[in-house]
Amino acid sequence: MIYDVQNSELHWQKEWAKAKVFDSEIDLSKPKFYCLEMFPYPSGNMHMGHVRNYSIGDSMARFQRLMGKNVLYPMGYDSFGMPAENAAKKENGHPHHVTHRNIASIRQDQERMGYSYDWNRFLATSDVNYYRWNQEIFLMFNERGLVERRSAPVNWCNECDTVLANEQVKNNRCWRCGLEVIQKDMSQWFLKMSDYSDELLDELDNITFPENVKTMQRNWIGRSHGANIDFMIRDHQSKIGVFTTRPDTIFGVTFVTLSPEHPLCEELCKNTEWELDWRKLKEECLKMSEFERINMLKDKKGVFLGKYAINPLSKEEVPIYAGNFVVSSYGTGAVMAVPGHDQRDYDFAKKYNLPIRRVLVAKESDNPEELLTSAFEGYGPMVNSPIDGFDGLSGEEAKNVVIEALKKEQSGEGTTQYRLKDWLLSRQRFWGTPIPMIHCDSCGVIPVPKESLPVELPLDVVFTEDQRGNPLDQHSDFVNVTCPDCGKMARRETDTMDTFYDSSWYFMRYCDSNNDQSPFDKEITDYWMEGGIDLYIGGIEHAVMHLLYARFFTKILRDAGLISTGEPFGRLVCQGMLNSPTPFCSRCNIDYHVDYFDKSCPTCNDKLNSRSSKMSKSLGNTVSPGDMIEIYGADTVRLFILFGANPEAGMDWSDSVLEANNRQMNSIVEAINNGLNMKKVESKIDNWLLSKLRKNQVLWIKSMSNVGIREGVMLSHFSMLSDWSWYCRRGGNNYTIAKLFIKGWLPMLSPVTPHVAEEFWHRLNEDGLLASYVLPEITEHEDDSYILAQEEYLRGVIDSARNVKGLAQRHSNQKITTLTIQTSPEWKRNLAKEVIKLQKENFNFKKEGTNYLKSLSIFGKDEFRAEIFQTWNSLTIGSKKKRGRVFTWSNNDKKLIESSLNESEFLKSNQEFLLKELDLKSISIYSVGEGEDVAGKAKVAFPLDPGMSFA
RNA sequence: GCUGGGAUACCCGAGCGGUCAAAGGGGCCGGACUUAAGCUCCGGUGGCAAGGCCUUCGUGGGUUCAAAUCCCACUCCCAGCACCA
């Protein structure tokens, strides 16, 4: 066996660990590179999605080390969270034990893949030496006034027995378990993320996130500019504050709508004939399921509340409604309804027969009295204003004038509204960071003093299957505490923190993860975090959760002076989905479990076909990394995953491609092995191989530097091998050259398939480990491209000869055995050179070509004239579909022509090779005119394109 | 509905004005090697009367001497948001 995959991989993993090659320390003499993957929740074994994530990161970390960067590449675990708690319940254990068991298991899987982590920086967020800093930072937030405890309607998930942040509710369902969330009024802890709305939004313009992530964050923050306007109520002391982005439509208001949950509703209609209807509507809205709500929203519904609001400018009185389409949490929960210029209001007005008024026209010249058949939502000049000074104004100007008028009346002002709310931080769960607060009957809610930290989670808790709620509530040692202010008995806060808090700063902790005095040292962290993490890789599912929280957190830490940078992530790469074949019914548009392969659809009985769907446990289409490693080794799995698709693209699992990639690895091994056993025979092709190596290296570095891993792999694992094959085929057999080539090749192999590369690095007798090798700067030699072009020419000749031979064979009864090649006559070559020269001077061939040609001395020969003319045209103008050859030649082609390459001599020197490649007995090669014009092919001979005839 | 990203040969995918019948990979077909299979290597893989011609890069229009590539409209797919005032 040339290469024992399994043993070799394990061997080198041990060697790397022994030599501590991946440990990183500050080194100001090198540029730093902080490479990071979103750390995993340790749920047992590593799955393919992890493999993809970490293989991308590892290849980049290894590549940057090769480039001489000081690379920080740590790994740790996001180990607080519900699943550990649930697992603990199942086995009557403690989440702490479950967590550490899982960490050991997933870490082993990661180590088997050969990832080059600096394990010294290991951290688990559920360990007290991590979460104690969560608490200290929390106290700092509190001091800075960013912590707030308040009673508010919050999202509650019954399954998870806890509240959820807005970001964690998707389509009204819990992001973790999928159960529909309900609204509850509860007193909860918030972090004032809204203080940073503007910066979080504006900074997006300056960071290199993928466009879709930016868009998602922009949508989530949802800033809109507009006005708050107060409407007085007739015969009532309260007023209604509405938010609108369209103050320019103020005169079109024909009613005001409150969300049914709005507190004013009750105030307005209590003890009136309208109360019952409102209560019904409110009930209906509160209990609506997601499905019903979507159906219902098509049908706008509302009830009159019995009172009238007064338009602050026109003083007109309009009815007040409660409407199911008004969202209570956005703006003020109340809208001024302008049916003429808002489609929702239009629909509502139609249904309840309310007046629709036009107060804008699209163009100055439009008729202000023209009836509206749907809302006109664009901008345009104001019309029909009941007060002077507004008609004719439009857009921003109109808005500003209206806002000014409102200010004068003291009933409104310009304002900005955000969709982003404060971060609801508290969870009613056990397995999270305890919120370091104490409830004292006399002193109120007060923070745990810094010197009493950490507040530790008790280990003496037994979890049982039928348990509900948070076991901390029942743990008297934990709960009972003396008040740090007055010394009386008090109760400890039992809510814990959202786990997104843990992941909002772990990347800074990595920089200094063994610090037991503070979360991290500023100087050290500034070094690694300068300009943000250089490459951050993870799933798109965190686009508005983790990635937004972490940005927010970083900005606070910056403002508190703990760190200098305000944006944590430099380049972000969101890896694509990993798909795998799945039974699919195209009629029902449903994926089925893999058990249904080759069966028919259980719903419609159609034959099921196959399509690629996201790997998931429920579909059973997952592939176990462990199994694949056992069969093929880590290198092959890594190659498959990195060559299958670029990092951002989705990729399909394919057993046959994986197998093919394994064969590719075998071929590479064999090729290198053959190279190391070569004789020392010099040949013409030697230089070509080294030129090719340099060319490939340069291209490879360019691709890899830009995270173009797929393109990089194409060069390192495919082009390099086929170039090697070509070298051998051309008779290359020079150990010295082979060694040079392999020494250049192995580093290129190492980011993606590090084990095999390391193994052969040693067989090459190189000093030290390839894993810590720094690639010297690659410079192409001056004549590289010429050498490559020459070989390219030869290949081109062989290619077209093959084509023509096929043709000839079809027209011949006997086996073709001879070839006559006539290379371009000298005058055509000279003409071509002339044309290339002219083209470089931007000569206008169309306009001046013919005259120029006539001025050439060669044109004087009558017998040639027609052919010269044709040649000239073919070189410069071309035909309808093809441009002149001078425009289609590559730079290298031009170089060959300019250098006066003697094509005949060159081909003759490769005569043996041509005979072999073309399977011929004889071949004669000469320049046009120096031998018989066989089959009249002289006239088709062009520079770099000889005439050929077979017999 | 809005926002963002897509649609390229049997499949996956690169290309993003002329060097494009379109890189690379898979699959398939043929050849060499082998007792044979596998492996490996080489070649082919839109059509045809074949150093050429014709048709093709979601559909229909347009700009251009020239379009997979630029512009317009449409269809479909994926993702996110969604009565956000």
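These numbers come from a predicted model, not from an experiment. Residue numbers begin at 1 in each chain, while the letters A, B, ... track the order of the sequences.
- Taking atom CZ of residue A:F887 and atom P of nucleotide B:C65, one finds them 15 Å apart after rounding to whole Å.
- In this entry the distance linking CD of A:E711 with P of B:C12 reads 20 Å, nearest Å.
- When rounded to the nearest whole Å, the span between OH of A:Y3 and C1' of B:C39 equals 19 Å.
- Proximity note for A:M216 (side chain, C-beta onward) versus B:G80, B:G51, B:A85: the nearest is B:G80.
- The nearest whole Å value for the distance from the CG atom in A:N803 to the C1' atom in B:G52 is 12 Å.
- In this structure B:A49 sits in no base pair that meets the Watson-Crick or G-U test at under 3.5 Å.
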Identify all pairs in which a protein N or O lies below 3.5 Å from an N or O of nucleotides 23-33 of chain B, and state each distance.
unit_1, atom_1, unit_2, atom_2, d
B:G24, N2, A:R710, NH2, 3.0
B:G26, O2', A:S656, OG, 3.3

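- When the P atom is used for both B:G13 and B:G62, the distance is 32 Å, rounded to whole Å.
- Taking both residues in full, the closest heavy atoms of A:E261 and A:S328 are given as OE1-CB, 4.0 Å, listed atom of the first, atom of the second, then distance.
- Between the CG atom in A:N646 and the CD atom in A:E648 there is a gap of 6.5 Å [rounded to 0.5 Å].
- Nucleotides B:G4 and B:A23, compared at atom C1', are 28 Å apart to the nearest Å.
- Nucleotide B:C76: paired with B:G6 (Watson-Crick or G-U wobble, both distances less than 3.5 Å).
- Residue A:R885 is out of contact with every strand shown, counting any heavy-atom pair closer than 4.0 Å.
- Here, B:G6 and B:C16 have their C1' atoms 14 Å apart, quoted to the whole Å.
- In this structure, CD1 of A:I221 is placed 19 Å from P of B:U3, rounded to the nearest angstrom.
- Position along RNA chain B of the nearest nucleotide to A:G331 versus A:G650 favours A:G650 as the more 5'-ward residue.
- Between the P atoms of B:U45 and B:U35, the separation comes to 31 Å (whole Å).
- For A:N324 against B:C83, a side-chain-to-base donor-acceptor contact under 3.5 Å is present.
- On the C1' atoms, B:A14 is 32 Å away from B:C81, given to the nearest whole Å.
- Atom name C1', nucleotides B:A67 and B:G17: the rounded distance is 6 Å, in whole Å.
- Residue A:R344 places none of its side-chain N or O atoms closer than 4.0 Å to OP1 or OP2 of B:G1.
- Using N1 to N3 plus N6-O4 or O6-N4 for Watson-Crick, or N1-O2 and O6-N3 for G-U wobble, each under 3.5 Å, B:A14 pairs with nothing.
- The partner of B:A66 is absent, by the rule that a Watson-Crick or G-U pair needs both atom distances under 3.5 Å.
- Dashed line: the shortest gap from a side-chain N or O of A:H811 to OP1 or OP2 of B:A49 is not under 4.0 Å.
- Searching all strands for a Watson-Crick or G-U wobble partner of B:A23 with both distances below 3.5 Å returns nothing.
- Under a cutoff of 6.0 Å and an axis angle of 45°, A:R246 and A:Y379 form a cation-pi pair.
- One interatomic measurement links the two molecules: CZ of A:R883 to P of B:C20, which rounds to 13 Å at whole-angstrom precision.
- For the residue pair A:T215/A:N212, the side-chain donor-acceptor check at 3.5 Å is not satisfied.
- Taking atom P in both B:U69 and B:A9, one finds a spacing of 14 Å when rounded to whole Å.
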Could I get a table of every N or O pair under 3.5 Å where one atom is in the protein and the other is in nucleotides 5-10 of chain B?
none

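- Judged by distance alone, with hydrogens and angles left aside, A:K214 brings no side-chain donor or acceptor close enough to the base of B:G4 to form a pair under 3.5 Å.
- With a 6.0 Å cutoff to the six-membered ring centre and a 45° limit on the axis angle, A:R419 does not count as a cation-pi contact of A:Y330.
- Atom CG of A:L547 is separated from atom P of B:G80 by 15 Å (rounded to the nearest Å).
- Between B:G27 and B:C77, the two C1' atoms lie 25 Å apart (nearest whole Å).
- Rounded to a whole Å, the CG atom of A:D345 is 12 Å from the P atom of B:A85.
- Look at A:E791 and A:R730 and you find a salt bridge, because one of the NZ, NE, NH1 or NH2 atoms lies within 4.0 Å of a carboxylate O, short of that distance.
- Base-pair partner of B:G30: B:C42 (Watson-Crick or G-U wobble, both distances under 3.5 Å).
- In this structure, A:F640 has its ring center no closer than 6.0 Å to that of A:Y632.
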